[in-house]
Protein chains: 2
Amino acid sequence: MTDVKTPINPLFLREEELRQGIELLFFAYRDFTAEPDAILAEYGYGRAHHRVIYFVGRNPGMTVSDLLAILRITKQSLSRVLGQLVDEGFITQRPGTVDRRQRLLELTEKGTELERQLTERQRARFAAAYRDAGAEAVEGFRKVMLGLIDEADRPRFPQRGPGWR
Amino acid sequence: MTDVKTPINPLFLREEELRQGIELLFFAYRDFTAEPDAILAEYGYGRAHHRVIYFVGRNPGMTVSDLLAILRITKQSLSRVLGQLVDEGFITQRPGTVDRRQRLLELTEKGTELERQLTERQRARFAAAYRDAGAEAVEGFRKVMLGLIDEADRPRFPQRGPGWR
DNA sequence: TCTTTACGTCAGTCATGTTGACATATATCG
DNA sequence: CGATATATGTCAACATGACTGACGTAAAGA
């Protein structure tokens, strides 16, 4: 009779491996958000503001609908945060040229500066982790993370074609 | 004069790579938490309850201080959530034997069942991602994720010694 | 013209975090 | 033993960011 918790048991191995994955994700996310949160607090902003600034900076000219689809929150929730950022001069809205109901979003210069300041820490964290882990590990990381994301959103991360490298 | 945004430019490549990392983490976390959140809502609970149940299940007999250190929230915040879970019979507290000020936390049978139900989806998501990515990718994933976590918490994820595999 | 879509707004609620102050029991140290 | 520190709990007030539901406007599309 073998102990269920002995590492020799393959079922326990698998369970342990999966739980480690869950915990890696929890701790990484916790630490990854802590630094920007501290900066945001100085502006009286929260994590939601960072997300909006980040994705608008990444996709200049995106619509409100696009943003809602990415964040998966209600328009009422977005409205408060986005409204503040527009009022305080971090983001501009201009009507779409082809569909004038749309409000195309863009960072102002001030917004770009805040985005840079906030995301800088996170980029640095990734740069260090990538450097320490090596190129092969990065490719593995990418594969696993993609597998964790709902299939519908995976096309956001295209394969690197022949134009790359 | 070359276009700054041409994929040939190595600085842009790096920037793109880092931003993809940031986004992978955002989307993975967003999708990873969505399923348990839906189950929790049926109980009138939130994500905070899941975190408490998860870590108590993972570390039976852990103290309140241990839990606070993991979650990085205030004791007042924890108190509400933990109090509910104790009151409603998901978690038991018993005084420590060596230090009787401590309240050692454990899941009840009911708590174990809820934990299983909640985490099952997340384990399944990891199992699928690991399976599709392959063993080598999983090792890379582990390496990168560890690099993203504050050094102080990395010892929570020990290397696999000779007793493993 | 009628309907649908994109976006906005007002109002109320809930979950989860915060700070600050204070209380109790137990452990530890001089 | 007495003083101090630690582990835990509690009350109160507040902020953030999510939610639902209802309603409104302008523009696009059938």
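Residue-to-nucleotide contacts include no donor-acceptor pair under 3.5 Å from the side chain of B/R101 to the base of D/dT8. Applying the 3.5 Å distance criterion, the base of C/dG17 shares no donor-acceptor pair with the side chain of B/R47. For A/Q76 and D/dG17, a side-chain-to-base donor-acceptor distance below 3.5 Å is absent, hydrogens and geometry of angles not being considered.
The CD atom of A/E139 sits 5.5 Å away from atom CZ of A/R142, with the distance rounded to the nearest 0.5 Å.
The shortest side-chain heavy-atom distance between A/R156 and A/I70 falls under the 4.5 Å cut-off.
Here A/R80 does not reach the OP1 or OP2 of D/dT16: none of its side-chain N or O atoms lies under 4.0 Å away. In this structure, B/S79 does not reach the D/dG9 phosphate: none of its side-chain N or O atoms is under 4.0 Å from OP1 or OP2. The phosphate of C/dA27 has OP1 or OP2 within less than 4.0 Å of a side-chain N or O from B/R100. OP1 or OP2 of D/dA18 has at least one side-chain nitrogen or oxygen of A/R51 nearer than 4.0 Å. A close approach under 4.0 Å does occur between a side-chain nitrogen or oxygen of B/Q93 and OP1 or OP2 of D/dG9. Between D/dA18 and A/T74, no contact under 4.0 Å exists linking OP1 or OP2 to a side-chain N or O. Between A/H49 and D/dT16, a side-chain N or O to OP1/OP2 separation shorter than 4.0 Å is absent.
Rounded to an integer number of Å, the gap from B/Y29 OH to D/dA18 P is 13 Å. If you take CG of A/L82 and C1' of C/dA6, they are 14 Å apart, rounded to a whole angstrom. Summarising the geometry, the separation between NZ on B/K75 and C1' on C/dG20 is reported as 11 Å, rounded to the nearest angstrom. Between A/Q102 atom CD and C/dT4 atom P there is a gap of 20 Å when expressed in whole angstrom units. Distance A/L78 CG to D/dC19 P: 11 Å, rounded to the nearest Å. Atom pair B/R72:CZ and C/dT16:C1' shows a separation of 18 Å (rounding to whole Å applied). Following rounding to the nearest Å, A/L71 (CG) and D/dC19 (C1') show an atom-to-atom distance of 15 Å. With rounding to whole Å, A/L105 atom CG is found 8 Å from C/dC7 atom P.
Ring orientation note: the planes of B/F141 and A/F141 are close to parallel, at an angle under 30° on the 30°/60° scale.
Under the side chain to side chain donor-acceptor pair (under 3.5 Å) rule, A/R19 has a single partner from A/E17, A/E15, A/E23, which is A/E15.
Contact annotation for B/V98: backbone-only contact, meaning every heavy-atom pair under 4.0 Å involves sugar-phosphate atoms and none involves a base. Residue-level contact check: B/Q84 touches neither bases nor backbone, having no heavy atom under 4.0 Å from any strand.
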Can you list the steps and then say if A/Y43 with A/Q84 is a side-chain hydrogen bond (donor to acceptor under 3.5 Å, both in side chains)? CA-CA 11 Å; A/Y43 289 79; A/Q84 279 179 285; over 6 Å; no

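Other residues, nucleotides and ligands contribute only 12 or fewer heavy atoms inside 6.0 Å of the CD atom of B/E136.
Counting only heavy atoms from C-beta on, A/S77 has its side chain closest to D/dC19 among C/dG17, D/dA27, D/dC19.
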